[in-house]
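Please read the structure below before turning to the comments.
The first residue in the sequence is number 1, and the count goes up from there.
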Amino acid sequence: MSTIGKSPVDRSGWEMKRRLLFVCLGNICRSPAAEEIFRCKAAAEGLSWKYEVDSAGTYGGHAGDLPDERMRRSARKRGYELLSRSRLVRSDDFDRFDMILAMDDANYERLCRLAPTVEDVNKVYRLIDFARRTDYTYIPDPYYEGIEGFERVLDLLEDACEGLLDRLESE
Ligand code: 4NP
């Protein structure tokens, strides 16, 4: 298995935090939920000190907004309190983060085009590739769906975030 999101080490050799950015379109449904789910799963394993997580969107129309109320309600029922504010992804995020995790192909392709260098393109991943209990090949946009769409997204995100954390911790 290849090394992913290389573990950064400072000049004295101490391992630094891994910095993960979750990205969707609006940054009000999928990626804020992914951010909080990953944060909670790391905390449950006593690993908060190792990870810095954030989220952003490839479309800035909801900048400054809290996550969508439907997603907040569904997430709250599972114990996740979504309080982040939407923001647009920026090219300097490629300097700040070690891994940039896209929810679907459109986000993935947009991020690859935004990456300032070829090395930066290698920081872009599809979050679904870390899921272990599904045949889905992307995290579907729930914005125009009913409540079941939001529940499906949360199921996929819990699966993928667990898989991502296990993968990072097994390296
Ligand atoms: P997200 O969902 O990308 O998971 O945050 C969406 C949010 C807003 C819109 C589309 C998708 N929108 O068209 O405004």
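- One finds no salt bridge joining Asp104 and Arg126 here, because no Lys/Arg side-chain nitrogen approaches an Asp/Glu carboxylate oxygen to under 4.0 Å.
- Grouping Ile, Leu, Val, Met, Phe, Trp and Tyr by side-chain contacts under 4.5 Å, direct or through others, leaves Val121 on its own.
- For Arg78, the salt bridge (charged side-chain N to carboxylate O under 4.0 Å, His left out) test picks out Glu151, Asp155, Glu158, with sequence neighbours left out.
- Taking 4.5 Å as the limit, every side-chain heavy atom of Ile139 sits out of range of all side-chain heavy atoms of Phe22.
- Through chains of ILVMFWY side-chain contacts below 4.5 Å, Leu114 is grouped with Leu21, Val23, Val89, Phe94, Phe97, Ile100, Tyr108, Leu111, Val124.
- Hydrophobic clustering, defined by side-chain heavy atoms of Ile, Leu, Val, Met, Phe, Trp and Tyr closer than 4.5 Å, groups Tyr59 together with Leu25.
- Its side chain within the 4.5 Å cluster rule, Tyr144 clusters with Ile28, Tyr143 among the Ile, Leu, Val, Met, Phe, Trp and Tyr residues.
- Each salt bridge (charged side-chain N to carboxylate O under 4.0 Å, His left out) pair with one or both residues in residues 108-121, not counting sequence neighbours, appears once here: Asp120-Lys123.
- Not counting sequence neighbours, Asn122 has no partner by the side chain to side chain donor-acceptor pair (under 3.5 Å) test.
- Pairs engaging residues 135-149 under the salt bridge (charged side-chain N to carboxylate O under 4.0 Å, His left out) rule: Glu145-Arg152 [sequence neighbours left out].
- Under the ring-ring contact (aromatic ring centres under 6.0 Å, His included) criterion, Tyr51 pairs with Phe38, not counting sequence neighbours.
- Across all their heavy atoms, Met103 and Cys24 have their closest contact at CG-CB, 3.6 Å.
- Checked against salt bridge (charged side-chain N to carboxylate O under 4.0 Å, His left out), Arg96 has the following partners two or more places apart in sequence or in another chain: Asp93.
- Among residues two or more places apart in sequence or in another chain, the salt bridge (charged side-chain N to carboxylate O under 4.0 Å, His left out) test is passed with Asp129 by none.
- Across all their heavy atoms, Cys161 and Ala34 have their closest contact at SG-O, 3.7 Å.
- Qualifying side chain to side chain donor-acceptor pair (under 3.5 Å) partners for Glu35, counting only residues two or more places apart in sequence or in other chains: Arg39, Ser55.
- A salt bridge links Lys41 with Glu162: the distance from a Lys NZ or Arg NE/NH1/NH2 to an Asp or Glu carboxylate oxygen falls below 4.0 Å.
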